[in-house]
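Step one of this worksheet: look at the structure below.
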Amino acid sequence: MSDAPAAAEQVAVRVLGGPTTLIGYGGLRFLTDPTFDGPGEYPLGGGRSLTKTAPCAVDPAELDPVDAVLLSHDQHPDNLDTSGRALLAGVPLVLTTRSAAARLGGATRGLAPWDAVELPRPDGGSVTVTATPAQHGPEGCEPVTGEVVGFVLTAVGLPTVHVSGDNASLDVVREIADRVGPVDTAVLFAGAARTALFDGALLTVDGTRAAEAAAILGARRVVPAHCDSWAHFSETRDDVVAAFTAAGIADRLQLD
């Protein structure tokens with residue numbers, strides 16, 4: 001779409017692996033859901049585990065300083081692992097759910113959906129980070145999967161950015177679109193995550209729902225994340241591309 005290159009120039013988004021992305025916005029560096037541990041089995045409790053199949057693209061020691069972490073939730077190792085927890089100790093601010101902030105302490109700040117925080121920009125002005133709802137599974141999943149949030153970044157003169165967090169509900173996407181309006185860049189956690197919970201129901205959107213979410217949000221650019229590196233992700237980035245192609249909006253995807 002015609003506005004996508006301009007948005008890409010103003011908002012740099014790099015997918016590092018799984019749900020971990022680095023976003024440059026308003027002179028600030030935001031990191032989402034830090035997961036830097038190597039491949040292996042990661043226990044969930046109750047005899048259950050998740051299998052990581054590929055390493056992160058970078059070592060956390062190689063990252064330039066991060067201004068804030070946008071942590072959708074802390075209770076699953078595919079969204080926050082041991083290395084990610086260690087990284088949080090050196091970050092000035094971690095924005096996350098209220099329950100995660102209570103568990104993590106330190107520089108974490110808990111946000112309910114639609115709570116907002118103003119962060120100063122290096123060149124003056126501010127970036128507003130607004131928490132958005134997310135539903136990590138089918139209706140009524142929260143007592144099992146726990147509290148999850150997404151985020152919206154806004155600033156004067158900059159494109160609007162939405163980070164979905166782990167969300168499987170298009171009704172939630174519609175609520176966000178109604179409150180926020182069209183977004184310029186959507187970082188969508190896709191991958192069609194499935195486990196034995198809820199008889200294998202979607203825990204995050206699949207490619208088809210990601211394309212529908214992009215249309216609902218009016219997103220000019222879509223960066224698919226959360227679609228590699230874990231065995232319980234039942235779709236890959238190729239499935240996202242196929243779904244966007246079928247929907248006639250493949251030109252919105254940023255795949256680099």
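Position 1 is the first residue of the sequence, and the numbers go up from there. Model, not experiment: these values are computed from the prediction.
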Q: Over 60° means perpendicular and under 30° means parallel, so classify the ring planes of His73 and His136, tilted if in between.
A: perpendicular
(Q) Main chain of Leu111, side chain of Arg98: is a donor-acceptor contact present, judged purely on distance under 3.5 Å? (A) no
Q. Would you call Thr128 and Leu119 a side-chain contact if the rule is heavy atoms closer than 4.5 Å?
A. no
**Q.** Heavy-atom donor-acceptor pair, Arg14 side chain to Thr21 backbone, under 3.5 Å
**A.** no
Q.
Within this structure, what is the CG-CG distance for the pair Asp78 and Leu50, rounded to the nearest 0.5 Å?
A. 5.0 Å
Q. Same cluster or not: are Phe151 and Val180 linked, directly or through other Ile, Leu, Val, Met, Phe, Trp or Tyr residues, by side-chain heavy atoms under 4.5 angstrom apart?
A. no
Q) If you count the non-hydrogen atoms of other residues, nucleotides and ligands that lie under 6.0 Å from CG in Asp123, is the total more than 12? A) yes
Q) If you round to the nearest 0.5 Å, how far is CZ of Phe36 from CG of Leu87? A) 5.5 Å
Q: Taking Thr245 for its side chain and Val241 for its backbone only, find out whether a donor-acceptor pair lies under 3.5 Å.
A: yes
(Q) Does any part of the side chain of Ser72, heavy atoms only, come nearer than 4.5 Å to the side chain of Thr32, both counted from C-beta? (A) no
Q.
Counting C-beta onward and ignoring hydrogens, is there a side-chain heavy-atom pair between Arg209 and Leu202 closer than 4.5 Å?
A. yes
Q) Between SG of Cys227 and CG of Asp206, what distance do you get to the nearest 0.5 Å? A) 11.5 Å
**Q.** Backbone of Leu71 reached by a side-chain donor or acceptor of Thr96 within 3.5 Å
**A.** yes
Q) Quick one: are Phe189 and Pro19 in side-chain contact, heavy atoms under 4.5 Å? A) yes
Q.
Taking Pro133's backbone N and O only, do any of them form a donor-acceptor pair with Glu175's side chain (distance below 3.5 Å, no angle check)?
A. no
Q: Might you confirm whether atom CD of Glu139 has over 12 heavy atoms from other residues, nucleotides or ligands at distances under 6.0 Å?
A: no
Q | Separation between CG of Asp171 and CD1 of Ile176, rounded to the nearest 0.5 Å | A | 11.0 Å
Q: Please examine the side chains of Thr204 and His226, heavy atoms only from C-beta on, and report whether any two atoms are closer than 4.5 Å.
A: yes
Q.
Do Val58 and Leu22 land in one hydrophobic cluster if side-chain heavy atoms of ILVMFWY residues count as linked below 4.5 Å?
A. yes
Q. Salt bridge (Lys or Arg N to Asp or Glu O under 4.0 Å) between Arg220 and Asp184: does it pass, once the steps are laid out?
A. CA-CA 5 Å; Arg220 295 177 173 86; Asp184 293 274; 2.9 Å; yes
Q. Can you tell me if Tyr42 uses its side chain to pair, donor with acceptor, with the backbone of His76 under 3.5 Å?
A. no
Q | Trp114 with Val117, same ILVMFWY side-chain cluster at under 4.5 Å | A | no
**Q.** Heavy-atom closest contact (Phe233 atom, Ala193 atom, distance)
**A.** CD2-CB, 4.0 Å
(Q) Rounded to the nearest 0.5 Å, what separates atom CG in Asp33 from atom CG in Leu80? (A) 7.5 Å
Q) Between Val161 and Val183, is any pair of side-chain heavy atoms under 4.5 Å apart? A) no
Q.
Using side-chain heavy atoms (C-beta onward) and a distance below 4.5 Å, is Arg221 in contact with Arg252?
A. no
Q. Backbone N or O of Leu16 within a donor-acceptor pair of the Thr20 side chain at under 3.5 Å?
A. no
Q) Heavy-atom distance under 4.5 Å between the side chains of Leu188 and Ser164, does that happen here? A) yes
Q | Any donor-acceptor N or O pair under 3.5 Å, side chains Arg121, Ser126 | A | no
Q: Please round to the nearest 0.5 Å and tell me the distance separating atom CG of Asp81 and atom NZ of Lys52.
A: 5.5 Å
